[in-house]
Each structure stands twice: as C-alpha cells, then as structure tokens.
Amino acid sequence: MYIIGDEEIEAVARVIKSGHLFRYHEGGECARFEDRWGEYLDRPYVRLCASGTNALICALSSLGVGPGDEVIVPAHTYMATALAVLSSGAIPVIANIDESITLDPDSFEQWIGARTRAVIPVHMWGLVCDMDRILEIARRHHVLVIEDACQCVGGAYKGRAVGSIGDAGAFSFNFFKNMTCGEGGAVISRDKIAHQKVSCLIDSCGFFWTGKDEGVRPFASGSARASEFQGAMLNVQLDRLPGMLERMRNEKKRILAETADLDLSPAPCHSLDHECGSHVVYNLPGAAEADAFAERVDGTVCGKTGRHTASEWSPVLDHTGHVNPGMDPFKNKANRECRMDYDPGNYQRSLDILNRSVMVATHPGHAETETDGIIQKIRTAAKEIQAKSS
Ligand SMILES: Cc1ncc(COP(=O)(O)O)c(C=O)c1O
C-alpha cells in the first residue's frame with residue numbers, strides 16, 4: 001500500500017539539481033531519513049539499504065547468526081524471509097502459523113532445538129505477531145528475535161513500533177509497502193556494535209573510511225548502499241505515513257464493527273489499535289467457503305497469494321541454497337546437524353488455516369461510501385454462505 005504524489009517528484013528533482021546523488025555528504029537525505037525513522041521507532045540505530053531481503057541478511061549476520069545455526073521462520077511469509085536465512089549461511093526451520101495468520105508461539109516453542117539460534121516473527125499483511133509470548137519463549141530458550149516488519153511498515157504492537165521490539169528488525173520499502181522508494185530496506189539494531197556491523201555489511205568500502213575507528217574492524221561484504229533518491233523519497237513518504245495508517249486502522253475497525261453480528265470469525269488480532277489495519281482477515285469454516293467468500297467480497301484467500309506459503313519455497317524445499325555448491329548452506333558440514341527435511345506434514349496445519357482464511361484490503365484513499373460497499377458485500381456473502389451450509 002503506498003501513495004506517491006508531486007512531493008516525491010519534487011524531492012527527487014531537488015536531489016538531481018543538487019548534484020549530490022551519493023549518500024555520504026553533509027545534510028544528506030539518507031542520513032536524515034535514518035534519524036527520523038529512528039525517532040519514529042524510538043531506536044537510534046537505523047541503517048538504510050537496498051532491500052528488505054538485504055536488511056534481513058544484515059540483521060542476521062550482525063548478530064552472529066550463520067553456519068551451524070537454525071533459524072525458525074513461519075510457514076506463511078514471503079519466501080525472502082527463508083532465503084535471507086540461507087544467505088546468512090544458516091538453515092531455516094519452518095514452524096506453523098495460527099488463525100491470526102502470524103507465527104504460532106506454541107509451534108515456535110515446539111520447534112526449538114539444540115541448534116536454534118534465532119526466530120523471525122513476520123508481521124504479515126500489516127498484522128502483528130503475538131510479541132509478548134514470542135519474546136517470553138525466546139528469552140527462556142536464549143533465542144534471538146529478528147522481526148521481519150517488511151509488510152508492516154509503521155505498525156506497532158501494544159504501542160511499541162514493530163521492528164524495534166526484538167534484537168533486530170528489518171523493513172522493506174519496495175513498491176508494495178506502506179512507504180516506498182521503489183526498492184529499499186532498513187535494518188534496526190539493538191546496540192552500537194551491531195549497528196556498525198550492519199553498516200559494514202551494507203557498505204564495506206564506505207565503512208572503511210567513515211566508521212572503522214569506532215570499534216568494529218572492517219570486514220569484507222557486498223554493497224547494498226541506498227542512494228539519495230531513496231532517502232529523498234522516503235523523507236516525503238514518512239510525512240504521509242501516520243495519516244495513511246490512521247485511515248486504514250479506522251476503516252478496518254469500522255468493517256469489523258459492522259460485520260460483528262454475522263456468523264463470521266474475524267482472525268484474532270494481537271494489537272488492533274496499533275497494527276497497520278491494511279487487511280481485514282476472516283477465518284472461514286473450510287476452503288470451499290473461503291473460495292466462495294473471497295470471490296464475492298473481492299478478497300484474497302491467504303493460501304493463494306504466491307510464494308508466501310512454505311509449500312512454494314522451491315529453493316528451500318529443493319535444497320538449492322547457493323549457485324556455488326561450496327557456499328551452499330545445505331551442503332556445509334557445519335550445518336550437518338541442522339534439521340532440513342521439510343516434511344509438508346509439519347506445516348499442513350498452516351496450509352489448512354491459510355486455505356480457509358480470506359483477506360479484504362482497506363485503502364487510505366477509500367471514501368465512506370466505498371467502505372459501505374465493502375461492508376455490504378461481506379454481509380451478503382456471509383449470509384449466502386451460511387444459508388448454503390445450513
Ligand atoms: C515478509 C517479507 N519479508 C521480506 C521481504 C523482502 O523484501 P524486498 O522485496 O524489499 O527484498 C518481503 C517483500 O515483499 C516480504 O513481504
């Protein structure tokens with residue numbers, strides 16, 4: 001969900017006219033965005049990068065996650081979450097989601113094993129995970145928590161911004177997110193050392209001349225530096241964000257309130273007042289009902305979105321962890337004790353829930369009459385489906 005207007009065009013034009021396209025200069029747009037996003041999240045350690053996937057890889061690597069480690073991921077997330085684990089050299093282990101469409105804390109705990117180093121709760125579709133329970137379990141088992149907030153930009157859990165609650169957080173600013181600069185990402189770190197490692201992971205050469213004297217010895221990495229175009233767009237997008245979120249949250253609450261009398265089960269929300277409000281989700285009795293409901297309300301069956309379900313993550317299921325076999329985590333001897341059999345039965349419960357759950361999207365630009373129309377469609381569809389089944 002994003003809105004782009006003349007302000008973004010003017011901001012990018014200003015960068016072109018200034019001649020400062022590279023991020024390292026006094027008063028730069030990237031640095032200004034990092035400061036402002038840090039204020040929004042109430043965490044000082046923010047670093048912009050090229051994508052959400054890169055942000056996840058940097059977050060994992062900066063905390064020392066790598067070969068020999070398992071990282072628990074939910075069965076429902078964009079494939080990039082699991083692939084980022086492989087790119088860090090570790091092995092993803094798939095846990096179930098529950099009716100909230102986010103990580104089931106009980107399944108997370110059941111999957112903790114001798115090699116578990118971290119968990120990635122994913123705040124999917126603007127919904128937020130049950131962070132109290134996830135953090136409590138993680139702390140008890142000494143497991144790191146890395147939040148994938150790529151789909152929940154600006155959302156919060158009980159008043160705390162997502163991405164700032166765990167040991168590290170990752171955001172995406174690609175074309176589909178609440179704030180976009182076309183492509184982009186950000187890493188949130190818990191302390192200065194992790195932040196410096198992230199800076200070096202994102203831009204090793206740049207770190208050598210800007211940050212090397214502050215505690216972390218420069219090491220080799222790729223380059224995923226953000227440009228001033230990205231920073232300039234994000235500074236405008238950030239101004240729009242609070243208003244957009246307020247409108248989406250209000251629309252979601254109105255839809256829920258005006259369909260509450262129906263024989264319909266809304267998916268449990270872990271923080272309705274603070275999540276993004278970008279989707280209203282209903283858990284239907286079965287897959288056939290979900291298909292019919294989705295068609296009538298212009299919704300989407302959660303299990304049919306493409307690459308968001310473990311059964312579709314072919315590089316994971318096929319054990320193709322790298323183009324170079326010598327760098328493939330599935331073939332690395334350090335990972336030989338990690339669990340990597342990916343039996344579909346392990347996440348069948350997630351598939352069942354996803355195939356009987358339907359999302360209806362809100363939009364910050366919706367007029368009251370458009371919301372009326374959505375509510376009417378939901379009411380009619382729910383009654384038709386109930387009449388058929390009784
Ligand atoms: C949950 C989730 N994690 C990670 C990513 C990866 O972000 P990017 O496309 O910016 O690499 C996405 C992208 O859509 C996502 O939805």
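Whatever order the structure lists ligands and atoms in, that order sets their numbers, starting from 1.
For ligand 1, the atoms sitting less than 4.0 Å from at least one non-hydrogen atom of Thr81 are 3 (N), numbered in the order shown with element in parentheses.
Looking at Phe173 next to ligand 1, no N or O pair under 3.5 Å apart turns up. Of the polar atoms of Asn174, at least one N or O is found under 3.5 Å from an N or O of ligand 1, judged by distance alone. Considering backbone and side-chain N/O atoms, Ser172 comes within less than 3.5 Å of an N/O atom of ligand 1. Where the criterion is an N or O separation shorter than 3.5 Å, residue side chain and backbone included, Glu183 fails it with respect to ligand 1. For ligand 1, the polar-atom distance check finds an N/O of Gln151 within less than 3.5 Å of one of the ligand's N/O atoms.
Using a 4.0 Å cut-off between charged nitrogen and carboxylate oxygen, Asp167 and Arg139 count as a salt-bridge pair. Ion pair Asp203/Arg47 not flagged as a salt bridge, since none of the NZ, NE, NH1 or NH2 atoms sits closer than 4.0 Å to an Asp/Glu carboxylate oxygen.
Residue pairs satisfying the salt bridge (Lys or Arg N to Asp or Glu O under 4.0 Å) criterion with at least one member in residues 150-163, sequence neighbours excluded, are listed as follows: Asp132-Lys158.
Rounded to the nearest 0.5 Å, atoms CG (Asn96) and CD (Gln348) are 9.0 Å apart. The CD1 atom of Ile202 lies 14.5 Å from the NZ atom of Lys197; values are rounded to the nearest 0.5 Å. The line from CG of Asp291 to CD of Glu289 is 9.5 Å long, rounded to the nearest 0.5 Å.
The parts of Thr53 lying near ligand 1 are both backbone and side chain, judged by heavy-atom distances below 4.0 Å. Only the side chain of Lys177 comes within 4.0 Å of ligand 1, counting heavy atoms alone; its backbone N, CA, C and O stay farther away. Contacts with ligand 1 closer than 4.0 Å are made by side-chain heavy atoms of Val122 only, the backbone lying farther away. By the criterion of a heavy-atom distance under 4.0 Å, both the backbone and the side chain of Ser51 are placed next to ligand 1.
Side chain of Ser107 to main chain of Asp104: no donor-acceptor pair is present (N/O by atom type, distance under 3.5 Å, no hydrogens or angles).
Residues forming a side-chain hydrogen bond (donor to acceptor under 3.5 Å, both in side chains) with His279 (at least two apart in sequence, or on another chain): none.
Relative to atom 8 (P) of ligand 1, the option among Gly52, Cys49, Ala55 with the closest non-hydrogen atom is Gly52.
For atom 12 (C) of ligand 1, the closest non-hydrogen atom of the protein is Tyr78 CD2, 3.6 Å. For atom 3 (N) of ligand 1, the nearest protein heavy atom (residue, atom name, distance) is Asp148 OD2, 2.7 Å.
Between Phe33 and Phe173, the ring planes are perpendicular. Angles over 60° get that label, and only those under 30° would be called parallel.
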